[in-house]
Student: 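Pasting a structure below so you can have a look.
Just so it is clear, the structure is predicted and the values come from calculations on it, not from any experiment.
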Amino acid sequence: MDIFQNPGFWAILLFIIPLLIRVPIAVALGCAAYFLLWKWDLGVQMFSYTFYGGIYKFPLLAIPLFILAGVIMEKAGIAERIIDLIKECVGNVTGGMAIATVAVATFWGAVSGSGPATVAALGLVLIPGMVKAGYDKAFATSVVSVSSGLAIIIPPSIIFIVYSDLMGTSVGSLFAAGILPGMLVALFLGFAVWLMCRKQGYRGMPRQPGALFIAFKRAIWGLFTPVIILGGIYGGVFTPTEAAAVAVFYGFFVGVFIYRTLNFRVIFQILENTLLSSAVVMLVVACAGQYSLVGNTMGFIPKIASFLLNVTSSELGVLLMINVMLFIAGMLLEAIAIMYVFIPILVPVVAHFGWDPVWFGVMVTVNMAIGQITPPVAVNLFVGANISGCSIEELTKPVLPQLAAAIIALAFISYYPVISTFLPKLMGLY
């Protein structure tokens, strides 16, 4: 067949070239899908209906609601109070502020399901605080940016919601499966930053008498947030989508009536930020869904899956190849786009080897978290650099040891599925 008559060729070409000239990912995916529908007469008139149908799903409603909840928690001052509490807990031990940053990012992952949003929420407080305590600005920025990737592993996670929609897997089981792997990644990151701080002589801030109790008292309402969200889901009180709505109302209640930090002007800013963030995410979801649908309809996605299985018969070899492929994709694409482009390709591979889809989803998501700190896309690094004024080049050196730690954690998660499946099985979720 003439290569110019091959729809797979045009699907790749019309996606890659726009990316190289910095066209937004959603536009590149949507335009490529539209061209294929038109060129091969697959019913281009249905584009608007399938576009709408791709996002008109009850589970996906949780995405804008969790984004709204995260913005409310930030503007209400909950993030600042949690930071103060954990800083008091670690005191002036070696690397105390850096370890506290990893701990805060881990906790905040149970509030916000977005890595860049976590960098924005925590970076404005933690980066100046670490610099004031004597930490290098580039190092402080790198720790905040890297550890914020935990937000898409620790539930609730936007990526888990998208994966659930694609694979038909329970969101609750994915949320439960993400807890131990998220803690494992946090543990490896904490050890890496401790070693770096030990080498540089960085320490935390000395504790003030009685400050720990005061910090705990100020943060108590924020500490209840993940308890309400996750406890309600696993207790069967409400679905993940309903949990997102409950988180919104809880954050609003705390901000208005307890901390009294939310007024009409701040609420308008919250809605504006949520609208912009949600629009970007849902546009990517809709356009990536179109691209995936066209790929399946024209048959070139199953061919790619068949190619992967024919390269090697070794299960471990295929798993390694998938991780390398996702790592490279994470350097070039946004996480949601990767899900919609690659998961349909990998579904036959998962079925062929009989892999647990929950474990596989966690492994893919950890890859996505790593992708948020690997240039040239590296959305977390760009947000962190924008906050601190550092360049990406300045951040590269302190990021590398943390990147290595995250990859080692990924290797454990990939090789030992029980790390991901233990909790959901213990809780009887599947």
Side-chain angles (χ1 to χ4, degrees), residues 57-63 65-66 69 106-115 149-188 225-247 315 319 322-323 326 335-336 339 342-343 346-347 349-370 406 409-430:
K57 299 173 183 177
F58 182 72
L60 295 184
L61 181 61
I63 293 177
L65 287 175
F66 274 126
T106 304
F107 179 87
W108 200 248
V111 175
S112 169
S114 166
L150 292 165
I152 68 171
I153 307 172
I154 303 286
S157 164
I158 291 174
I159 300 301
F160 280 152
I161 295 170
V162 172
Y163 180 84
S164 170
D165 177 57
L166 288 168
M167 292 288 286
T169 310
S170 162
V171 177
S173 62
L174 287 167
F175 279 7
I179 295 174
L180 290 183
M183 299 296 289
L184 181 66
V185 176
L187 183 65
F188 274 87
T225 307
V227 175
I228 292 172
I229 297 173
L230 300 180
I233 294 173
Y234 301 140
V237 180
F238 34 68
T239 67
T241 303
E242 292 165 345
V246 171
E315 183 175 348
L319 190 61
I322 289 173
N323 274 302
L326 292 174
I336 293 176
M339 282 287 182
F342 285 91
I343 291 302
L346 298 175
V347 167
V349 180
V350 174
H352 175 81
F353 289 108
W355 288 338
D356 189 306
V358 171
W359 156 75
F360 189 77
V362 173
M363 185 192 74
V364 171
T365 301
V366 175
N367 257 296
M368 301 303 96
I370 292 174
L410 172 62
F412 276 93
I413 293 164
S414 301
Y415 195 75
Y416 298 104
V418 68
I419 298 173
S420 303
T421 60
F422 175 76
L423 273 183
K425 286 183 177 178
L426 181 67
M427 299 168 71
L429 295 174
Y430 79 106

Student: Would you call M167 and V358 a side-chain contact if the rule is heavy atoms closer than 4.5 Å?
Tutor: no

Student: Considering non-hydrogen atoms only, spot the tightest contact between V362 and G178 and give its length.
Tutor: CG2-N, 4.3 Å

Student: What distance do I233 atom CD1 and M427 atom CE have between them, rounded to the nearest 0.5 Å?
Tutor: 9.5 Å

Student: How long is the gap from OH on Y416 to CD1 on I413, to the nearest 0.5 Å?
Tutor: 13.0 Å

Student: Taking atom CZ of F422 as the centre, report whether more than 12 heavy atoms of other residues, nucleotides or ligands fall under 6.0 Å from it.
Tutor: no

Student: Between I228 and F238, which heavy-atom pair has the shortest distance, and what is it?
Tutor: O-CZ, 3.5 Å

Student: Counting only heavy atoms not in F412 (residues, nucleotides, ligands), do more than 12 fall under 6.0 Å from its CZ?
Tutor: no

Student: About how many Å separate CD1 of I419 and OG of S414, when rounded to the nearest 0.5 Å?
Tutor: 9.0 Å

Student: Does any part of the side chain of I179, heavy atoms only, come nearer than 4.5 Å to the side chain of I154, both counted from C-beta?
Tutor: no

Student: Considering all heavy atoms of both residues, which atom of G149 and which atom of A369 are nearest to each other, and what is their separation?
Tutor: O-CB, 3.5 Å

Student: What's the separation between atom CG in L166 and atom CD1 in I161, rounded to the nearest 0.5 Å?
Tutor: 12.5 Å

Student: Given side chains that start at C-beta, do those of S157 and F66 come closer than 4.5 Å, heavy atoms only?
Tutor: no

Student: Got a second to check how far L61's CG is from E242's CD, nearest 0.5 Å?
Tutor: 10.0 Å

Student: Looking at every non-hydrogen atom in both residues, tell me the closest pair between Y234 and P155 and how far apart they are.
Tutor: OH-CG, 4.1 Å

Student: Measure the spacing between CZ of F360 and CG of L174 and express it to the nearest 0.5 Å.
Tutor: 12.5 Å

Student: So, for T106 and A186, which heavy atoms are closest and what is the spacing to 0.1 Å?
Tutor: OG1-CB, 3.4 Å

Student: For the residue pair W355 and L319, establish whether any side-chain heavy-atom pair is separated by less than 4.5 Å.
Tutor: yes

Student: State whether the side chain of T169 and the backbone N or O of S164 hold a donor-acceptor pair below 3.5 Å, judged by distance alone.
Tutor: no

Student: Between W359 and V418, is there a side-chain heavy-atom distance shorter than 4.5 Å?
Tutor: no

Student: Between D165 and P59, is there a side-chain heavy-atom distance shorter than 4.5 Å?
Tutor: no

Student: Evaluate side chain to side chain contact (heavy atoms under 4.5 Å, CB included) for V162 paired with I63, printing each intermediate quantity in order.
Tutor: CA-CA 9 Å; V162 172; I63 293 177; 4.0 Å; yes

Student: Identify the two heavy atoms, one from G172 and one from P240, that lie closest to each other, and give their separation to 0.1 Å.
Tutor: N-CG, 4.3 Å

Student: Take L326 and M368, measure what side chain to side chain contact (heavy atoms under 4.5 Å, CB included) needs, and give me the verdict at the end.
Tutor: CA-CA 8 Å; L326 292 174; M368 301 303 96; 4.3 Å; yes

